J.: 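Pasting in a structure now, in structure tokens, and then I'll have a few things to ask.
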Amino acid sequence: MSFVTEFNSLPLEALVRKSLSAGSAAVREAAAKEKLSLADFAALISPAGAEHLETLGQRAHAMTQRRFGKVIRLFAPLYVSNECINNCTYCGFSRDNPILRVTLSLEEMRREADALKQQGFRNLLLVAGEHPKFVSNNYLRDCIAALHPEWPSLSLEVGPMETEEYRPLVAAGADGLVVYQETYDRKVYAEMHTSGPKRNFDWRLETPERAYAAGFRRLGISPLYGLADWRYEALSAAAHADYLLRNCWKAALTISTVRIRPCAGEFQALTHITDRELAQLICAIRLTFPDVGIVLSTRETPKLRDGLIKLGVTMMSAGARTEPGGYTGAGRDKIHHTERGLIKQLASGASEWAPVEGHATNATGQFNVADERSPGEVAARIRKLGYEPVWKDWDAALTA
Ligand code: SF4
């Protein structure tokens, strides 16, 4: 049975109601259990759970140290293209956004990867918008094959594919696939995805299963917090994680907790999860899923990221740029402007082509990062907090 079938029969609305009405006793009882159910998870993310944040934090901290040690794995996203055929209302790369776009050549992509390697990274996440013409499967396979010998850990965050289309990417050396459902609320999903293949909710929801069948051994999931009610999203993601742990058990699973950030298109979040609720959520994920990796991106501020490290985070991006060529300026000479998906020539000297201060390229980013510290600064801070920054994914190192 696929997760879609299971998802359709889940009493998610009832669980949200249960969460909202849970009392302190239910929180204490859930936190004391060895094995937590979805109903226990609902209690932990309840308003009553917020009153127990210190206790939850201590348990999450102890559990994380026992399972993962005092280490934080670092990775960097490498955006190879910001072309996209989808319109996702909350994303800067949406097809109809009039932005500056580029797809890196293999050589340009290598330049970006080399710059990240010099900063210490050995764990890379290749990111691209969904555009079969610019970001074909062969293009992605060639990117992976070019990087694989030097990058022990290579994950993808690209448009969903069929299992058979994933297989050559795994064979070329990709071992991880990240796919965010964005929102598990079907109605909101339909409103947010106004055109393009991403409109198919079920197809996206089954993507981790197809990736697993193709041989990916690291899977990453998350909602994008800020679209639907956060407790509904968190409960859905927890149910999804539970399904993947039962059915794709050979894969290492990570859960992210990404929140909407400012981007081209000026989308404003529809719902809100506070910093404190985010901390509570991370504790609840850790207590419910002791072995799952928890990923924290540069969408959060340095202060919050530093504080969340102790609660259960195991993996962080650092020094991230969300535009292709963002690390070195690679591809800068072929950037083009699009309007409603069509390339438009700008008058030479148009202000959009002017260099952006502090940026290697003026290609448009997917969103504005909130933690602009360099990877070295993030690593130094991690050490100061008593943790060891790890640049290489040890799972890949052990199975290599
Ligand atoms: S979220 Fe992904 S699919 Fe949607 S517009 Fe952005 S890059 Fe394209």
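Since the structure is predicted, the reported quantities are computational estimates derived from the model, not experimental observations. For the numbers below, each heavy atom of this structure counts, side chains included, while hydrogens, waters and symmetry mates do not.
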J.: State, without any angle test, whether Thr103 and Ser81 hold a side-chain donor-acceptor pair at a distance under 3.5 Å.
T.: yes
J.: Hey, is NZ on Lys303 packed in by over 12 heavy atoms from elsewhere, all under 6.0 Å?
T.: no
J.: Take a 6.0 Å sphere around CD of Glu372 and say whether it holds more than 12 heavy atoms from other residues, nucleotides or ligands.
T.: no
J.: Is a salt bridge present between Glu182 and Arg204, judged by a nitrogen-to-oxygen distance below 4.0 Å?
T.: yes
J.: Hey, can you tell me if Phe3 and His240 have their rings parallel, tilted or perpendicular (30° and 60° cut-offs)?
T.: parallel
J.: Does any N or O in the side chain of Ser19 come within less than 3.5 Å of the main-chain N or O of Ala42, such that one atom is a donor and the other an acceptor?
T.: yes
J.: Which heavy atom in Ala370 sits nearest to a heavy atom in Pro302, and how many Å separate them?
T.: O-CD, 3.5 Å
J.: Parallel, tilted or perpendicular: which describes the rings of His131 and Phe134, with under 30° parallel and over 60° perpendicular?
T.: perpendicular
J.: So, are Glu191 and Lys187 salt-bridged, with charged N and O less than 4.0 Å apart?
T.: yes
J.: Could you verify whether a donor N or O on one side chain and an acceptor N or O on the other, from Asp229 and Thr271, lie under 3.5 Å apart?
T.: no
J.: Answer yes or no for Arg217 and Tyr212: cation-pi contact, defined as NZ/CZ to six-membered ring centre under 6.0 Å and angle to ring axis within 45°.
T.: yes
J.: Is there a continuous path of hydrophobic side-chain contacts, each under 4.5 Å between heavy atoms, that joins Leu311 to Ile273?
T.: yes
J.: Hey, does Tyr184 have a side-chain heavy atom less than 4.5 Å from the side chain of Leu12?
T.: no
J.: Looking at Arg381 and Asp371, is there a salt bridge between them, counting it only when a charged N and a carboxylate O are closer than 4.0 Å?
T.: no
J.: With a 4.5 Å cut-off on side-chain heavy atoms, are Glu277 and Arg231 touching?
T.: yes
J.: Do Lys117 and Glu150 sit within salt-bridge range, that is, some charged N less than 4.0 Å from a carboxylate O?
T.: yes
J.: Side chains of Ile260 and Phe267: closer than 4.5 Å at any heavy-atom pair?
T.: yes
J.: Decide whether Tyr79 and Glu323 meet the rule of one side-chain donor and one side-chain acceptor closer than 3.5 Å.
T.: no
J.: Please say yes or no: joined through hydrophobic side-chain contacts below 4.5 Å, possibly via intermediate residues, are Val27 and Ile45 part of one cluster?
T.: no
J.: Got a salt bridge between Arg110 and Glu107, using NZ or NE/NH1/NH2 to carboxylate O under 4.0 Å?
T.: yes
J.: Does the side chain of Val80 come within less than 4.5 Å of Tyr139's, by heavy atoms?
T.: yes
J.: Check the orientation of Phe41 and Phe289. Use parallel for under 30°, tilted for 30 to 60°, and perpendicular for over 60°.
T.: tilted
J.: Tell me whether Arg259 forms a cation-pi arrangement with Trp230, defined as NZ or CZ under 6.0 Å from the six-membered ring centre and within 45 degrees of its axis.
T.: no
J.: Do Asp306 and Arg373 meet the salt-bridge criterion of a basic N to acidic O distance under 4.0 Å?
T.: yes
J.: For His359 and Arg321, test the side chains for any donor-to-acceptor distance below 3.5 angstrom and give the result as yes or no.
T.: yes
J.: Minimum heavy-atom separation for Cys91 and Asn97, please, with both atom names.
T.: O-ND2, 3.2 Å
J.: Verify whether one side chain among Ser236 and Glu233 offers a donor that lies under 3.5 Å from an acceptor in the other.
T.: no
J.: Just by distance, with hydrogens left out, do Ser155 and Arg218 show a side-chain donor and acceptor under 3.5 Å apart?
T.: yes
J.: Consider only side-chain N and O atoms of Asn8 and Arg186, and report whether a donor and an acceptor are under 3.5 Å apart.
T.: yes
J.: Is it true that Lys334 and Glu108 make a salt bridge, defined as a side-chain N closer than 4.0 Å to a carboxylate O?
T.: yes
J.: Measure the shortest side-chain to side-chain distance between Glu162 and Tyr166 over non-hydrogen atoms and say whether it is less than 4.5 angstrom.
T.: no
J.: Are Trp151 and Leu104 connected in the hydrophobic side-chain network, where two residues link if heavy atoms are under 4.5 Å apart?
T.: yes
J.: Counting C-beta onward and ignoring hydrogens, is there a side-chain heavy-atom pair between Glu377 and Ser374 closer than 4.5 Å?
T.: yes
J.: Do the side chains of Val378 and Arg305 get nearer than 4.5 Å, heavy atoms only?
T.: yes
J.: Is the backbone N or O of Tyr189 less than 3.5 Å from a side-chain atom of His193, with the two atoms forming a donor-acceptor pair by type?
T.: yes
J.: Flag the pair Asp242 and Arg246 as a salt bridge only when some basic side-chain nitrogen lies within less than 4.0 angstrom of an acidic carboxylate oxygen.
T.: yes
J.: Flag this pair as yes if the NZ/CZ of Arg299 is under 6.0 angstrom from the six-membered ring centre of Phe367 and inside a 45 degree cone about the axis; otherwise no.
T.: yes
J.: Quick one: pull up CD1 in Ile255 and CD1 in Ile282 and give me the separation to the nearest 0.5 Å.
T.: 10.5 Å
